[in-house]
Amino acid sequence: MALALAAALALSLGVAAAQPSPSVGGTLTIAYDYEAASLATWRSGDTNTHLVYMALYNSLVDKSENGDITPSLAERWDVSPDRRTYTFHLQRGVTFHNGVAFDADVVKWNFDRWISPPEGAINGLSNIEDVRVVDPQTIEVTLVNPDNQFLILLGSRLRGIVEPGAVEQLGEAFGRNPVGTGPFRFESWLADSEIVVTRFEDYWETDAGGRQLPYLDRLVFRVIPQSASRHTALVTGSVDVDTTVSPENVADLLGRGSHDVLNIPAGYVALRLRTTQAPLDDVRVRQAISWAVDRDAINEAIYFGLATPGEGLFSPVLLGYDPEFKPYWPRDLAQARALLADAGYPNGFDLTIVASVPILQAAAELVQAQLAEIGVRVSIQLVERGVYLDGIIAREWESYIDQLTGRTDPTYFFQHLSCGFPYNGHDYCNPALDQLARVDGVVNYASLNDPERVELYERANRIVMEDAPLVVLVYRPTLFAWRNVVHGIAVNPVGRAFWEEAWIAD
Amino acid sequence: MTRFVLRRLIYLLPVLLLVTGFVFTIGRMLPGDPVLQLVPPEEAANVTEEDLARLRALHGLDRPIAVQYVAWLAGVARGDLGRSIRTSRPVLETVVERVPVTLQLAALASVFAVVVGIPLGIVAALRPRTWVDSFASVTALAGLSLPNIFVGTLLIFIFAYTLQWMPSDGFVPLSRGIGRSLLHMVMPAITLGTGLTGAIMRMTRTSLLDVLSQNYIATARSKGLAERRVLLGHAMKNALIPVVTIVGLQLGALLSGSFIVEQIFSLPGVGRLAVSSIFARDFPVVQGVVMLFAVTYLVVNLLVDLLYARLDPRIRYD
């Protein structure tokens with residue numbers, strides 16, 4: 001199934017022989033490109049903060065390496081027939097880093113806080129009718145309406161379980177003194193330089209062989225903003241892991257034979273078109289653009305062949321990915337010209353593409369050259385990220401090139417195209433698609449990978465591809481690299497890394 | 001003297017008011033909404049326009065700029081610089097914890113520039129229009145002209161990537177070992193200091209050549225003083241005045257250079273804080289950094305003026 005592809009796509013250079021038994025101890029230094037803003041789950045939720053959250057916190061459930069929802073602090077759960085009541089049976093013997101016991105009261109406190117979060121919090125939950133403690137190991141949550149996203153929302157580390165006493169005592173300062181139940185406990189924070197976490201001796205989880213986790217003594221998260229500096233640090237061994245590898249450095253790393261690279265095609269890069277103004281309001285014009293772009297050339301030139309060229313809404317690691325469905329493949333300039341002529345633009349038109357980061361500006365330049373072949377005269381406008389987001393919300397950009405990161409669930413990939421959604425800079429609105437999103441939220445699937453759900457996603461994909469509000473160019477690679485003495489880092493399709501089973505061979 | 005210092009300190013106030021007011025207005029007139037950047041993409045589907053509006057109200061961003069500025073000034077008067085929008089931490093704390101890094105970087109860069117620039121300038125002045133002079137002048141010109149980003153990248157490529165003698169990144173506080181701390185600072189300090197080195201060298205050369213041609217130097221020589229005494233005891237003391245000015249004036253260049261150097265070498269200083277806060281539209285932190293830089297700049301200029309009086313007894317402030 002598509003999800004298994006994630007593992008298959010890993011470019012591993014080391015011999016994939018049976019791994020020796022993990023050694024215990026050691027420090028793993030992990031480089032990332034910017035610092036966590038805060039370690040308070042209600043305050044900060046960017047990708048890099050999540051890397052640290054994964055060490056400090058557990059959620060009730062997890063999103064595993066192969067994309068399934070798996071038990072974590074809830075060892076199992078039952079769902080009522082009307083799919084509104086979830087009964088969570090909690091792990092026993094779990095304690096917080098400060099020694100406080102984890103139980104149903106703690107979970108209720110956390111739920112209450114998600115339901116009525118502090119001002120400006122980013123991890124609020126709505127749609128919850130009632131939360132009831134059944135016994136110290138059992139908690140029952142009743143939703144207002146059934147919601148297939150519920151467990152996925154709980155699986156995010158934004159809903160990592162925090163220690164109530166510490167939050168009440170510290171308030172916002174909790175963000176610098178976090179207390180969770182995760183495999184590592186917070187030790188120190190040197191602003192904009194490094195965050196250190198150390199092994200939590202009383203961690204509740206063991207590995208498959210019954211050995212105490214985590215294996216490592218400590219993790220150091222170090223900020224290195226420049227990709228060239230991160231590369232140098234990884235090559236010289238001053239860091240062990242780089243979580244944001246630039247595509248241009250991959251060949252060098254693999255050529256050394258001393259590093260492994262993990263490539264997850266989780267998100268995509270797309271040229272987004274505003275569908276409410278001529279000439280882009282004509283679907284034929286949008287389709288012509290999709291026929292005219294050369295996805296292979298973009299993959300080779302910008303991503304050094306590490307991306308996956310493609311055009312569907314869902315990337316290869318997500319539900320709904322359909323390798324057979326390629327409506328705009330292969331590139332067909334004759335078809336594109338015919339569509340343009342049909343729409344009344346036989347001599348093309350002028351188009352402005354907005355980009356916000358250099359790599360996307362480079363992609364836009366390729367698109368510029370490719371569209372010139374059908375007479376579309378592209379000019380490129382580079383704006384800074386704040387301006388860029390503003391323009392999307394205000395529906396200001398005629399077209400913009402955008403990259404989407406991996407998501408825990410494919411829903412967002414078509415939800416963000418729904419009528420009136422703030423980030424729907426296409427100003428695109430197709431009630432048939434919105435209807436599918438509503439159905440997906442509430443239909444009673446046996447599991448999140450239910451064939452019925454797969455079919456629904458394929459239908460959504462077809463609607464969007466036909467309407468072409470966006471031209472997907474490639475599935476972008478999320479690249480991790482580590483020295484090949486490092487083992488056991490599991491990365492899920494969203495790019496969240498599990499650290500508890502990581503170890504360093506001596 | 002005291003009156004002079006007091007008067008200068010009082011002048012600080014209107015200047016600060018102008019600078020912060022200017023930056024405050026510019027920042028908020030820039031397109032870009034800080035609250036949009038707070039919402040992680042994964043959660044964007046849960047966020048409504050009302051949520052965004054509440055966030056804006058929470059940080060007072062929905063009020064007119066003038067009102068926001070006055071509220072900010074009132075806070076500053078009470079010693080409260082506000083809280084970071086991105087991290088919710090107090091701005092004062094956020095800015096102050098970065099100061100040692102930038103201070104150490106700028107100090108080491110200045111030391112490097114003085115230690116290399118002055119001797120080069122002296123050597124060039126003592127042997128004008130020889131190959132020594134040409135060599136020193138070309139070196140100085142190169143130092144002045146090469147941008148920090150080029151020098152830094154070159155140093156990383158040679159000494160960290162290829163030879164692997166030096167760490168390419170990171171900051172080690174002095175408290176964790178002076179040796180390690182300095183090792184991590186060597187390349188950044190040289191990068192930041194090259195421009196200043198060039199400026200100091202040229203100024204030393206010109207100024208010393210000028211002084212050496214004056215009558216009192218001829219007098220000193222005719223008294224039979226050793227050339228060494230003439231140079232160090234008589235000539236240098238006067239030749240240094242313009243050099244001190246240069247060091248003072250170049251402080252602005254050092255502070256703005258720290259923006260880039262801290263980025264290249266991953267140093268957690270004030271410059272990098274400024275850069276990331278500007279991109280995140282974290283206005284309160286930007287204001288804090290601007291305040292700090294403005295005060296530093298003005299105070300250093302004052303110190304330079306006072307230093308003149310020490311170097312040249314003819315200069316008096318009353």
Side-chain angles (χ1 to χ4, degrees), chain A residues 31 34-35 37-38 40 43-47 49-50 119-120 122-126 149 153 156 158 172-173 175-176 190-194 222-226 228-233 235-236 238-239 383-391 393 404-405 407-408 411-412 415-416 421-423 494, chain B residues 30-49 51-52 54-55 57-59 83-89 93-94 97-98 101 153 156-157 160-161 164 167-173 176 262-269 272-273 275-276 278-282:
Chain A
Y34 60 88
E35 173 173 85
S38 159
R43 215 31 90 199
S44 181
D46 51 66
T47 308
T49 306
H50 271 280
E119 202 56 53
I122 55 166
N123 66 348
L125 278 184
S126 48
Q149 299 297 309
L153 288 173
S156 162
L158 290 182
E172 287 302 329
R176 295 247 144 186
L190 190 59
D192 221 354
S193 184
E194 59 181 38
R222 186 182 297 165
V223 190
I224 308 182
Q226 306 294 104
S229 305
R230 278 197 308 283
H231 182 62
T232 302
V235 164
T236 57
S238 83
V239 304
V383 299
E384 173 264 332
R385 187 176 144 79
V387 182
Y388 176 75
L389 288 178
D390 271 5
I393 303 272
L404 217 55
T405 52
R407 299 300 149 99
T408 328
T411 328
Y412 182 81
Q415 265 183 355
H416 82 281
F421 186 74
Y423 291 90
V494 204
Chain B
L30 278 181
D33 184 340
V35 304
L36 285 184
Q37 315 214 13
L38 289 177
V39 181
E42 290 87 356
E43 299 288 323
N46 299 331
V47 176
T48 61
E49 271 301 320
D51 291 334
L52 295 177
R54 267 194 316 137
L55 271 175
L58 174 69
H59 295 290
R83 277 177 179 272
S84 157
I85 296 177
R86 205 167 84 87
T87 67
S88 295
R89 293 179 69 213
E93 198 180 307
T94 307
E97 73 185 359
R98 307 300 187 98
V101 181
T153 312
I156 289 181
F157 181 73
Y161 185 81
Q164 306 204 358
S168 61
D169 66 279
F171 170 69
V172 178
R176 288 198 203 160
E262 289 173 0
Q263 194 75 11
I264 307 175
F265 291 97
S266 320
L267 298 174
R272 210 168 97 211
L273 178 68
V275 172
S276 59
I278 291 168
F279 279 123
R281 299 286 187 273
D282 197 341

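Note that the structure is a prediction, hence the values are computed from the model and not measured. Below, chain A is the first sequence line, B the second, and so on; all start at residue 1.
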Quick one: what part of [X] sits under 4.5 Å from any heavy atom of chain B, side chain, backbone, both or neither?
{"X": "A:Leu190", "value": "side chain"}
{"X": "A:Arg176", "value": "side chain"}
{"X": "A:Glu194", "value": "side chain"}

Looking only at non-hydrogen atoms, find the nearest pair between A:Val223 and B:Ser266 and report the distance.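 Heavy atoms of A:Val223 and B:Ser266 come nearest at O-CB, 3.5 Å.
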Heavy-atom pair with the smallest gap, counting every atom of B:Ser168 and B:Phe265: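 Looks like O-CD2, 3.6 Å.
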Can you tell me which of [options] forms the most heavy-atom pairs within a distance under 4.5 Å of chain A?
{"options": "B:Pro34, B:Ser276, B:Ser88", "answer": "B:Ser88"}
{"options": "B:His59, B:Arg98, B:Glu97", "answer": "B:Arg98"}
{"options": "B:Arg281, B:Arg83, B:Gln164, B:Arg272", "answer": "B:Arg272"}

Could you walk me through whether A:His231 and A:Ile224 satisfy the side-chain contact (heavy atoms from CB on, under 4.5 Å) test, starting with their C-alpha distance in whole Å, then the side-chain angles of each, then the deciding distance to 0.1 Å, before giving a yes or no? CA-CA 10 Å; A:His231 182 62; A:Ile224 308 182; over 6 Å; no
Pick from A:Ser38, A:Ala228, A:Ala191, A:Ser229 with the largest number of heavy-atom pairs that fall under 4.5 Å of chain B: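 Sorted descending by pairs with chain B, the first entry is A:Ala191.
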Looking at chain B, which one of A:Pro225, A:Ala233, A:Ser126, A:Ser238 has the largest number of heavy-atom pairs inside 4.5 Å, strictly under?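 It is A:Pro225.
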Residues two or more places apart in sequence or in another chain: which of them pass side-chain hydrogen bond (donor to acceptor under 3.5 Å, both in side chains) with B:Ser84?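 B:Thr87, B:Asp282.
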Ring pair (Phe, Tyr, Trp, His ring centres under 6.0 Å) involving B:Phe157 - partner list, sequence neighbours excluded: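 Residues passing ring pair (Phe, Tyr, Trp, His ring centres under 6.0 Å) with B:Phe157: B:Tyr161.
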Would A:Glu35 and B:Arg86 pass as an ion pair if we require N to O under 4.0 Å?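 Result for this pair is no, no salt bridge flagged.
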